[in-house]
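Here's the structure, in structure tokens; my notes come after.
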Amino acid sequence: MEKVPLITAEELHRKMNSGEDVVILDVRNETDYNDWKIEGKKVRSVNIPYFNFLEEDEQVHAGLPKDTEMVVVCAKGGSSDFVAEMLMEKGYKTYSLEGGMLAWSQFYHPTIVYMDEKFKLIQINRLSKGCLSYAVISEGKGMIIDPNQKVDVYLELAKQHRFKIEHVVDSHLHADHISGGRQLAEQTGATYYISSGEVKDTNLKFEPLDRHDRIRVGEIDVEVLAIPTPGHTPGSTSFLINNRFLMSGDTIFVGGLGRPDLGGKAKEWAMDLYDTVFNKLSDLPDDCLVLPAHYADIQEINDNGIVGATFGEIRENNEIMQNADQEAFTEQVASAVSMEKPPNFEEIVAINRGELQVDAEKAVELEIGPNRCAVHHQG
Amino acid sequence: MADIVVDAKGLACPMPIVKAKKAIDSLESGQIMELHTTDKGSINDFQAWVKQTNHELIEAKEDNGVFKFIVKKG
């Protein structure tokens, strides 16, 4: 029997980015599919659970295209092999995603946001979760902001762009993904920073961000300004480079604001968020590029492959930001919060606080699923 | 007592359901199949599969890392 061709997460992403239409046949069960799937601007996705193919009913696959290549996707790659092979025998052109959604969740893609002689700024997009991290590079030195769990990605990036990682920062205590911050700092000898309010009452070793309003990267010019921006969490911190790039953590997104409820104090934190948005950040120029730690929708990826928008655009488009009345704002933000929380967020927070240790397999498993850190526009 | 017991312990997705499907096909309506699996991923899938067929899930329990499902053929 002919073996079905495999496609890696990276190859699939390249295919998705190449401008051609991609058809994905997701064979997980309906609940898993509705909860979390591969998305792309030119992706057409169909969900038919693999067990439907056991019925040997022609109707099951009758609607699938015969002339287009299909990428079959499942949780770990087993059922997609099975279905892809079956369909291939029936004359369909199929690939099976190697390692399934598990592999997709471990795929990170770097894009250069800005580059001149003085410094380089790279956005690293973990597409499966909508998680973004950043590398700020100058004079062979670098700072990594909000690294995710797979630290090899950043080590590889440092090798490729020839810089030494000196600073690793977490903009806040993450609830949706396991931070790679401490591990990356340990492996590179870099300093690990987080705001002390985020990890108080823990035994974590860290450098308190609140004691540094500036972090120098490289010999000249690039100073990263740490601005406390509470709201999503009390110790949330944003980073500003040369008044031009704001790494906003989970405070301000391209299409929304950080949800303030994950600590159980929605109203109180919503008031902090108000203060951050309307007072602390109000002086930033309209042409300052806001680069968040997350996005919620693939439409937020712009034509250059970057998730980001100028302050001007965000001020103009984000309905929540137009509500300058404090009471109405907190009311709106607190009530817009969805009941759906990031999967396993309590365990993930405990891991990020250093209170819970899990093995590598468990860590990967806990992170599987969508990101839900934003408050969206309410119509 | 089950009319057929499917031991799918140690098997990865999609094998537990492939085996269950074969086994249940060999039964008469009203007979009972018991499935044992250690694949966590197949738990939701198995329940979804039973739901959309005419079979009935009588019991689902975990025993020392082994998930046991008892299904009555519809």
Side-chain angles (χ1 to χ4, degrees), chain A residues 1 4 25-37 47-57 59-61 72-87 89 94 96-105 343-344 358-359 361-369, chain B residues 3-29 31-62 64-74:
Chain A
M1 203 159 30
V4 69
L25 170 61
D26 193 318
V27 298
R28 292 172 302 151
N29 70 61
E30 200 185 333
T31 329
D32 289 349
Y33 174 79
N34 288 339
D35 200 30
W36 185 50
K37 57 174 171 283
N47 176 224
I48 306 174
Y50 65 90
F51 43 78
N52 290 17
F53 291 90
L54 298 176
E55 303 298 332
E56 283 172 36
D57 176 359
Q59 282 307 317
V60 170
H61 51 84
V72 187
V73 173
C74 70
K76 292 180 180 169
S79 331
S80 61
D81 284 0
F82 171 82
V83 172
E85 201 165 295
M86 220 185 93
L87 288 174
E89 281 164 20
T94 50
S96 168
L97 176 64
E98 196 175 356
M101 290 302 276
L102 188 62
W104 183 245
S105 82
N344 307 314
V358 295
D359 60 31
E361 194 188 345
K362 178 79 182 164
V364 167
E365 190 185 304
L366 281 173
E367 280 198 330
I368 282 229
Chain B
D3 296 288
I4 193 164
V5 177
V6 180
D7 181 6
K9 293 197 290 289
L11 295 178
C13 184
M15 289 322 288
I17 293 187
V18 171
K19 291 192 85 168
K21 151 87 178 149
K22 269 200 190 129
I24 212 155
D25 282 350
S26 71
L27 296 183
E28 303 289 326
S29 179
Q31 287 189 307
I32 302 288
M33 173 185 73
E34 192 172 319
L35 170 78
H36 299 174
T37 173
T38 48
D39 178 38
K40 278 197 222 154
S42 64
I43 298 165
N44 278 337
D45 295 350
F46 188 73
Q47 299 187 50
W49 172 67
V50 173
K51 213 168 157 184
Q52 73 162 41
T53 55
N54 292 320
H55 315 310
E56 188 190 344
L57 184 62
I58 309 279
E59 202 186 319
K61 60 179 180 191
E62 192 198 333
N64 233 337
V66 180
F67 301 91
K68 294 184 175 168
F69 295 98
I70 297 172
V71 179
K72 187 169 160 189
K73 179 161 176 165

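Keep in mind the model is a prediction, meaning the values are calculated, not measured. Values below: every heavy atom of this structure, side chains too, minus hydrogens, waters and symmetry copies. Here is how names work: the chains are called A, B, and so on, in the same order as the sequence lines, proteins then strands, and each is numbered from 1.
- Within residues 32-41 of chain B, the residues having any heavy atom closer than 4.5 Å to a heavy atom of chain A are B:Lys40, listed by residue number.
- Within 6.0 Å of NZ on B:Lys72 lie no more than 12 heavy atoms contributed by other residues, nucleotides or ligands.
- Interatomic distance, A:Tyr50 OH to B:Cys13 SG, rounded to the nearest 0.5 Å: 3.5 Å.
- Inspection of non-hydrogen atoms places B:Asn44, B:Asp45, B:Ala48, B:Trp49, B:Gln52 of residues 42-52 of chain B under 4.5 Å from chain A.
- Between chain B and the residues A:Leu54, A:Val83, A:Asp32, the most heavy-atom pairs under 4.5 angstrom are made by A:Leu54.
- With a threshold of 4.5 angstrom between heavy atoms, A:Glu30 does not approach chain B through any atom at all.
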Inset, instruction - Determine, stepwise, if the pair B:Val18 / A:Phe51 fulfils side chain to side chain contact (heavy atoms under 4.5 Å, CB included). - result: CA-CA 8 Å; B:Val18 171; A:Phe51 43 78; over 6 Å; no

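- Contact annotation for A:Asp81: neither backbone nor side-chain heavy atoms come within less than 4.5 Å of a heavy atom of chain B.
- Qualifying salt bridge (charged side-chain N to carboxylate O under 4.0 Å, His left out) partners for B:Lys22, counting only residues two or more places apart in sequence or in other chains: none.
- For the atom pair B:Ile17 CD1 and A:Phe53 CZ, the distance stands at 13.5 Å (nearest 0.5 Å).
- Residues that satisfy the ring pair (Phe, Tyr, Trp, His ring centres under 6.0 Å) test with A:Tyr33, not counting sequence neighbours, are absent from this structure.
- Within 6.0 Å of CD on B:Glu28 lie no more than 12 heavy atoms contributed by other residues, nucleotides or ligands.
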